[in-house]
Amino acid sequence: MTDHVRIGVLGAAMIAPPAVIRPARSSTVAEVVAVAARSAERARAFADKHGIARVHSSYEDLLADPAVDAVYNPLPNGLHGKWTLAALEAGKHVLCEKPFTANAAEAAEVAKAADASGLVVMEAFHYRYHPLAMRVAEIIQSGVLGPLRHVEASVCFPLPVFSNIRYDYSLAGGAMMDAGCYAVHMARLLGNEEPEVRSARALLRGPSIDRAMRASLRFPSGHTGSVHASLWSSSVFKLSMKAIGENGTLSVFNPLGPQTFHKLSLKLKNHSSSEKFGRRATYAYQLDAFTDAVLHGKPFPTTADDAVKNMTVIDSIYRTAGLPLRQPTA
């Protein structure tokens, strides 16, 4: 591999086509060459539908394929750590769906293995690679808002299909894991520091599964924060983030999907502006960053070490809410 990244997909997940298969079709340096699923029949049907040449009947066989340079891991949350570690052991780079692992301890184990391997391991927070998020980071780093007072992030959308794996504790499910990992990541981006969790309250679907979660945060410099995540609650749909500083406010509507309607607003004491961005998919920018890291060693923000920090906050939210931490799936 010198000028091309050949990607194998672990599982016939619904997220795989928008996340890697379609973006790879317009890439000059990435190609999805193989897929594995729980059965050969399932893998073959997925491959035929999406034009993937190679089919494997097991994840192990895909990892052993010398024609695969990198792996996309969109398996259920509780399997992320196990198969990312297996991919690293097989010498493959990894683009791992969020949340990175079941909990922070497992994330630290994966981060240690990633560091030792010298391979690229990227957590798939696709929004972070779009120019919208890059601009948010630029504004925060510039200090134009003045000393921060409060930041907040909400990721709420309706998922009333309670048989969905996101409601399965044995697969490390829960609103905070699925929608909430984004909200936590956004709050950390806006807050520009690692927060502590001051309070958390969950709405439950079952004894251990949160269908919604609210948490309050405090950052070392003194500013506060809040995160709100929901798969099913009265907050049916809310995608936003906001940073309030002494000199003004930064607001973003729909930071996850700038290929659809979105808006960045900056209101300062003597100036107000709004910005919109092109509709190229967030996933396409993410794939560009992944291939640049693999082929050219270019740095990127959603590293394994960053994932440990994000999972640490998520763990703390669960503990504070009185819920058990998620565990890897056996």
Side-chain angles (χ1 to χ4, degrees), residues 1-11 13 15-16 18-36 52 54 59-60 62-75 77 79-101 104 106-130 133-134 137 181-182 185 188-189 281-311:
M1 181 186 63
T2 57
D3 61 358
H4 206 72
V5 181
R6 300 168 298 177
I7 300 170
V9 178
L10 294 178
I15 190 62
V20 295
I21 294 172
R22 290 201 288 269
R25 288 175 186 153
S26 60
S27 172
T28 60
V29 295
E31 181 183 5
V32 177
V33 299
V35 62
I52 300 172
R54 302 167 72 86
Y59 303 146
E60 292 89 348
L62 185 143
L63 295 182
D65 187 344
V68 172
D69 305 310
V71 167
Y72 173 59
N73 181 355
L75 296 169
N77 299 342
L79 295 172
H80 284 175
K82 173 182 178 179
W83 289 104
T84 294
L85 288 170
L88 291 173
E89 188 173 351
K92 313 297 186 186
H93 305 279
V94 183
L95 175 61
C96 181
E97 267 304 331
K98 37 58 59 183
F100 193 62
T101 52
E106 188 183 28
E109 180 185 2
V110 175
K112 182 178 179 180
D115 184 61
S117 72
L119 296 164
V120 172
V121 179
M122 176 185 285
E123 186 174 17
F125 276 119
H126 58 99
Y127 89 96
R128 186 62 180 84
Y129 294 93
H130 194 276
M134 299 295 190
C181 68
Y182 279 114
H185 202 265
R188 292 177 51 240
L189 173 64
T282 52
Y283 294 111
Y285 286 102
Q286 177 178 260
L287 186 61
D288 287 349
F290 182 67
T291 54
D292 278 346
V294 170
L295 296 173
H296 309 299
K298 187 174 179 179
F300 56 94
T302 63
T303 62
D305 288 338
D306 180 73
V308 174
K309 296 174 182 177
N310 214 60
M311 292 307 305

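The model shown is predicted, which means the values in this text are computed figures rather than measured ones.
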With V120, which of T291, V5, V294 fulfils side-chain contact (heavy atoms from CB on, under 4.5 Å)?
->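 Going through the options one by one, the only one that passes is V294.
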Minimum heavy-atom separation for [X] to [Y], with atom names?
X: A34; Y: D65; answer: CB-OD2, 4.4 Å
X: G11; Y: Y59; answer: N-CE2, 3.7 Å
X: R128; Y: P301; answer: CG-CG, 3.8 Å
X: P66; Y: R6; answer: O-NH2, 3.4 Å

Do you see a donor-acceptor pair shorter than 3.5 Å between the side chains of E97 and Y72?
->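 A donor-acceptor contact under 3.5 Å links the two side chains.
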Going by side-chain hydrogen bond (donor to acceptor under 3.5 Å, both in side chains), name the residues that satisfy it together with [X], two or more places apart in sequence or in a different chain.
X: D306; value: H185, R188
X: E106; value: none
X: T302; value: Y129

Test side-chain contact (heavy atoms from CB on, under 4.5 Å) applied to L10 and L62, step by step | CA-CA 8 Å; L10 294 178; L62 185 143; 3.9 Å; yes
Take the angle between the ring planes of Y182 and F125 and call it parallel below 30°, perpendicular above 60°, tilted in between.
->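 Correct class here is perpendicular.
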So do D69 and V33 actually touch side chain to side chain, heavy atoms under 4.5 Å?
->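 No, every pair of side-chain atoms sits at 4.5 Å or beyond.
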Tell me, please, which residues at least two apart from A64 pass side chain to side chain contact (heavy atoms under 4.5 Å, CB included).
->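 Result, side chain to side chain contact (heavy atoms under 4.5 Å, CB included) vs A64: none returned.
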Partners of A107 by side chain to side chain contact (heavy atoms under 4.5 Å, CB included), sequence neighbours excluded?
->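 Testing A107 for side chain to side chain contact (heavy atoms under 4.5 Å, CB included), a comparison that skips the adjacent residues, returns F100, T101, V308, M311.
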Please output the side-chain donor-acceptor pairs of residues 83-91 that fall under 3.5 Å, not counting sequence neighbours, one pair per line with the distance.
from, atom 1, to, atom 2, distance (Å)
T84, OG1, N73, ND2, 3.2
T84, OG1, H80, O, 2.8

